[in-house]
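Note: hydrogens, waters and symmetry copies are ignored here, and every other heavy atom, side chains too, is used. In this text, all values refer to a predicted model and were calculated from it rather than measured experimentally.
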Number of protein chains: 2
Amino acid sequence: MTREDRGRQESWPISALAHELDVSTRTIRYYEELGLILPGRTERGIRFYSRGDRARLRLILRGKRFGFSLDQIREMIELFAEDRTGCMQLMRTIEYGNQKLAEIDEKISELMQLREDILVYKQSFEQKLLEETRRMTDECSSSTSSKWTEISE
Amino acid sequence: MTREDRGRQESWPISALAHELDVSTRTIRYYEELGLILPGRTERGIRFYSRGDRARLRLILRGKRFGFSLDQIREMIELFAEDRTGCMQLMRTIEYGNQKLAEIDEKISELMQLREDILVYKQSFEQKLLEETRRMTDECSSSTSSKWTEISE
DNA sequence: GGCTTAGTTGACGTTAACGTAAACGACAGG
DNA sequence: CCTGTCGTTTACGTTAACGTCAACTAAGCC
């Protein structure tokens with residue numbers, strides 16, 4: 001609080017951050033409303049963002065790109081950002097981290113499952129394409145109807 | 001359309017599906033409103049869902065658990081479910097599949113990045129905990145303030 | 001000084017994805 | 001016959017995550 005503008009300390013206005021991370025300024029202010037970021041202010045009330053704030057915002061956006069709601073993200077950030085000194089507090093925080101890691105691992109495996117599903121669909125179409133081209137060269141039509149209903153069960 | 005209830009063909013009412021997949025019946029009907037599923041109907045208008053419908057619904061829900069909007073999911077499903085016979089159509093569909101696969105790969109790698117971030121946070125707290133316990137045994141306090149702002153930059 | 005541009009707060013609008021409630025029909029049990 | 005349960009449609013309510021607009025201030029520029 002005593003000496004917060006030393007010149008060497010790099011910071012950016014809201015517009016720069018918005019442009020860099022490709023979100024609107026409104027969005028950033030909204031995140032502040034929810035208590036997700038607390039940027040610094042000049043004595044005239046103008047926001048400026050440290051590189052820490054920037055990293056934080058990036059983490060928020062990354063979290064958002066999956067199911068995580070802003071509330072869940074806030075949960076994470078709060079737990080990790082607070083200055084927890086107590087031994088029990090530390091252990092609880094670490095436990096929470098492990099939990100989140102497990103959730104993410106779950107998500108990753110689910111994504112890989114989704115990937116597999118789509119791959120199967122695609123391959124069935126590649127198969128179709130192969131048969132199609134064969135028919136065009138052979139000029140002999142054999143009706144093959146592979147129903148999509150049997151996939152991924 | 002000619003003979004759709006053969007006894008051997010297994011199907012479920014909406015409530016069973018809702019319970020199994022842990023969503024409300026309203027949600028399932030809403031998906032139907034959007035054209036994401038078209039279950040069969042008895043002559044009295046009661047919906048019943050084939051195992052294909054069930055797989056489809058699972059795919060929808062799985063897609064939803066990440067950023068995918070219902071519109072995007074509809075896009076996918078339509079493209080894969082339609083009976084595309086033309087050669088060009090098949091190729092376009094396959095191309096679309098490749099695109100989706102790439103998107104998913106992107107998501108996966110982003111998730112792993114997020115995982116890494118959280119891991120780093122957690123490790124910093126584990127470090128803190130270690131110092132804390134050391135202080136408690138040593139009874140000698142050395143102030144170490146590791147600012148969180150320097151993480152993941 | 002006047003204009004433009006970038007920032008602020010505050011209020012209201014909007015969209016997706018459902019929740020909830022009303023009003024109805026079919027069927028089973030007592 | 002009455003009640004309850006499960007299904008249907010229609011319609012309106014709700015919440016999160018912003019968009020949009022108005023009214024204002026301060027800085028820079030000619």
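Cation-pi geometry between A/K122 and A/F125 is not satisfied (NZ or CZ under 6.0 Å from the ring centre, within 45° of the ring normal).
Between A/R44 and the phosphate of D/dT25, there is no side-chain N or O to OP1/OP2 separation shorter than 4.0 Å. For C/dA17, neither phosphate oxygen OP1 nor OP2 lies less than 4.0 angstrom from any side-chain nitrogen or oxygen of B/T27. Look at B/Y30 and you won't find any side-chain N or O under 4.0 angstrom from OP1 or OP2 of C/dA16. Contact check, B/K64 against C/dA17: no side-chain N or O comes under 4.0 Å of OP1 or OP2.
If you measure from atom CD1 of A/I46 to atom P of C/dA6, you get 12 Å, rounded to the nearest angstrom. Per the geometry, CD belonging to A/Q72 stands 12 Å off C1' belonging to D/dA16, to the nearest Å. Here D/dA11 presents its P atom at 12 Å from CZ of B/R26, a figure rounded to the nearest Å. One interatomic measurement links the two molecules: CZ of B/F48 to P of D/dT8, which rounds to 12 Å at whole-angstrom precision.
Judged as a salt bridge (charged side-chain N to carboxylate O under 4.0 Å, His left out), and not counting sequence neighbours, A/K107 has no contacts.
Proximity of a side-chain donor or acceptor of B/R115 to a complementary backbone N or O of A/I104 within less than 3.5 Å is not detected.
Residue B/D117 is tested with A/R56, A/R62, A/R58 for a salt bridge (Lys or Arg N to Asp or Glu O under 4.0 Å); the sole match is A/R62.
At a threshold of 4.0 angstrom between heavy atoms, the contacts of B/T25 with the nucleic acid are absent.
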